[in-house]
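The next block holds one structure in the form of structure tokens; read it before the comments.
Note that this is a predicted model, so its numbers are computed, not measured. Only this structure's heavy atoms are used, side chains among them; waters, hydrogens and symmetry mates stay out. Quick note on labels: first sequence line is chain A, next is B, and so on, each numbered from 1.
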Amino acid sequence: MSETKKFMYVNRHAPYGTVYALEGLEVVLIGAAFEQDVSMAFIGDGVFQLKQGQDTADSDMKNFSPAYRALGDYEVNCLYVERESLEERGLNEDDLMPLTWEDEDDDWAEKKSIHIVSRAQLSDLLEEQDVILNF
Amino acid sequence: MSETKKFMYVNRHAPYGTVYALEGLEVVLIGAAFEQDVSMAFIGDGVFQLKQGQDTADSDMKNFSPAYRALGDYEVNCLYVERESLEERGLNEDDLMPLTWEDEDDDWAEKKSIHIVSRAQLSDLLEEQDVILNF
Amino acid sequence: MLHTVNKSPHDSSSLRTCLSLAKPGSDLLLIEDGVYGALSGSIHSDTIAERLNSVTIYALGPDLKARGISEDRLISGIKVTGYDGFVELASGNDKVQSWL
Amino acid sequence: MLHTVNKSPHDSSSLRTCLSLAKPGSDLLLIEDGVYGALSGSIHSDTIAERLNSVTIYALGPDLKARGISEDRLISGIKVTGYDGFVELASGNDKVQSWL
Amino acid sequence: MKFSVMVNEGPYTHQAADTAYHFIDAALRAGHEVFRVFFYHDGVNNGTRMTTPPQDDRNIVNRWSALAVEYDLDLVLCVAAAQRRGILDADEAKRNGKDGDNIAPGFRISGLGQLIEAGIQSDRVVVFGG
Amino acid sequence: MKFSVMVNEGPYTHQAADTAYHFIDAALRAGHEVFRVFFYHDGVNNGTRMTTPPQDDRNIVNRWSALAVEYDLDLVLCVAAAQRRGILDADEAKRNGKDGDNIAPGFRISGLGQLIEAGIQSDRVVVFGG
């Protein structure tokens with residue numbers, strides 16, 4: 001496959017209450033092998049997926065939050081989080097997991113994967129995509 | 001079974017988009033055989049279940065709205081519709097199917113099954129129930 | 001870009017979120033329970049009507065009909081289309097964003 | 001009467017509908033994604049906090065913990081309970097209304 | 001106290017199946033009786049033995065089956081909901097001309113009357129859904 | 001134009017399976033190509049032959065199977081999603097030690113890569129869900 005497309009995975013569901021976040025993440029991890037231009041957007045309750053400190057010991061569900069930390073190793077390093085969605089929910093950037101990736105082209109410097117963007121910026125990003133998959 | 005309980009079926013989902021309205025109605029029809037004190041409440045998007053003129057010919061789904069008209073024959077004749085829910089949705093009583101039942105104790109007089117009630121009245125009705133099932 | 005919304009605006013945030021991110025010139029197609037957003041006289045009607053000068057809003061006819069909503073009850077300016085029209089909107093726009 | 005809400009107040013109308021119908025003296029238990037309604041500092045927090053003088057509001061601890069919400073982030077006055085507490089609330093009230 | 005529980009969503013897809021399980025487990029451990037667990041809507045998908053979740057995740061179907069053995073629980077799948085979703089026991093398979101069944105151990109298929117009866121017989125009915 | 005479609009909800013429970021069907025049918029009748037239909041989340045429940053809907057209702061599973069024959073459609077159930085929900089073909093049944101399978105005619109089970117490939121190969125991807 002010679003073509004490279006811009007794929008965006010749009011996440012709008014909170015984790016655990018429904019399976020969309022978990023199964024959405026599984027698509028992203030598999031999709032990473034296809035060497036497309038990949039990003040993720042977190043809008044609305046989707047921002048809760050990145051909340052720090054998730055612990056499912058007492059509810060006996062599968063804690064899949066560590067998998068977000070692995071995204072950098074899969075070269076998925078553009079996670080756009082809508083600022084307005086965070087604010088409406090009483091959250092800020094410090095509430096989110098500190099996700100990073102190592103930039104091969106910059107002497108493996110460790111860089112942040114999460115980018116807090118405005119609603120207007122996110123609207124622009126959506127327009128730039130070739131394929132949008134919604135979870 | 002000697003005991004008679006007050007059962008209320010609370011309907012909060014629109015028809016067709018999801019199966020809750022259809023499968024909820026199936027419970028009511030089966031439940032009618034148990035000779036309990038039965039009523040239905042329509043709150044929020046549940047009021048759309050009673051909209052007149054449903055026609056699924058073009059979408060090839062099962063039109064189950066005629067079954068509401070049969071409720072009177074099953075002695076299910078207390079359908080409480082929240083007035084505020086209708087108003088918020090741009091509907092009024094005339095938009096609803098004209099459901100009726102025949103009162104055996106009143107010389108088989110035809111009476112309305114649908115009662116438009118205020119939020120406060122509905123709140124009282126919920127408190128009076130023994131069993132509430134939610135669809 | 002074509003946006004689709006399949007949830008009632010009274011029950012879900014999907015339509016609100018869609019309208020907050022849809023750019024002027026976009027198409028929006030209301031399908032399934034999303035067609036309740038096309039009803040005039042609801043508490044959401046004014047907000048939706050205001051967007052009609054920048055976004056072209058369609059409602060899926062078979063879904064309106066299933067729900068007993070006649071065309072004279074729609075917010076003025078909303079267009080009605082069928083499955084064929086849905087396909088045309090999806091092919092005529094460069095991509096589709098489904099606000100599930 | 002015990003009310004349960006299992007949906008996020010940001011995505012669904014369930015909590016709003018519940019609070020519009022819950023009588024003074026009721027218990028309300030937030031479970032699953034409903035526990036996001038217990039977070040302080042959100043656009044819904046004030047509305048929820050105002051009801052704490054008439055309705056006793058609980059949030060299910062295991063669901064808060066799964067979602068990474070520590071107790072110091074909750075609206076002041078909301079109580080945290082576990083599955084055992086859920087059973088006690090369900091048996092201690094005369095009935096349960098689940099706002100799904 | 002005598003509880004009955006209604007489960008309206010499938011396993012994994014919605015947390016409702018988890019919450020219902022933990023509620024019932026806690027009620028039984030507290031000495032309460034659980035008269036019946038009635039699975040409706042997609043809840044009937046809790047009762048298929050064909051499920052194979054990932055090895056690092058809980059097995060929701062097996063968890064129900066084990067609880068049924070431990071407490072002699074009555075786990076009922078609604079027949080109408082099960083037919084729409086392809087959940088069958090041997091009798092249903094024969095009746096509908098299907099070449100196999102998929103019901104999990106500890107579950108049985110029966111009619112909606114079982115839900116109404118549960119409402120009549122129980123002190124409390126608690127609904128878990130999506 | 002080349003479309004691919006993603007179906008994320010089960011039949012009957014959500015209308016998404018109906019809308020996806022009518023969209024695909026309309027696209028094919030208009031002369032478009034449908035490269036692949038990928039069933040994810042509860043969408044995999046569209047692909048079980050054990051379903052028996054009421055006689056006065058549409059048969060959603062059979063409708064997919066018939067469309068697959070008519071247009072040589074590629075109907076793919078995601079293997080990971082199918083395992084969580086108890087949908088199996090003969091190979092999967094053997095691999096997971098199950099005593100039967102339930103996949104409907106015209107469907108096949110494969111990996112998530114099939115979805116990504118559909119995104120790469122198609123002019124448009126349209127997602128239908130709940």
Residue A:D45 versus chain D: region with a heavy atom under 4.5 Å: side chain
Per-residue contact mode, A:E88 against chain D (heavy atom under 4.5 angstrom): both
A:E87 versus chain D, heavy atoms under 4.5 Å apart: side chain, backbone, both or neither? backbone
Counting only heavy atoms not in A:E35 (residues, nucleotides, ligands), do more than 12 fall under 6.0 Å from its CD? no
So which heavy atom on A:K51 is nearest to which on D:R67, and how close? CG-O, 3.3 Å
Nearest heavy atoms of A:Y16 and D:A66, plus distance in Å: CE1-O, 3.3 Å
Quick one: CG on D:D11 to NE2 on A:H13, what's the gap to the nearest 0.5 Å? 6.0 Å
Distance col, row D:L64:CG vs A:Q54:CD, nearest 0.5 angstrom, shows 12.5 Å
Applying a strict 4.5 Å limit to non-hydrogen atoms, the region of A:D60 in contact with chain D is neither
Greatest number of non-hydrogen atom pairs under 4.5 angstrom with chain D, of A:N63, A:T56, A:D58, A:T18, falls to A:D58
With a sphere of 6.0 Å drawn around NZ of A:K5, does it hold more than 12 non-hydrogen atoms of other residues, nucleotides or ligands? yes
A:E75 atom CD, neighbour heavy-atom count above 12 within 6.0 Å: no
What heavy-atom pair brings D:R73 and A:L91 nearest, and what distance separates the two atoms? NH2-CD2, 3.9 Å
Is it true that atom NZ of D:K23 has more than 12 heavy atoms of other residues, nucleotides or ligands lying nearer than 6.0 Å? yes
On the 0 to 90° scale, with breaks at 30° and 60°, tag the A:F48-D:H10 ring pair as parallel, tilted or perpendicular. tilted
Value for CG (A:D95) from OG (D:S70), rounded to nearest 0.5 Å, stands at 8.5 Å
How close do D:D63 and A:S59 get, heavy atom to heavy atom, and via which atoms? OD1-CB, 4.4 Å
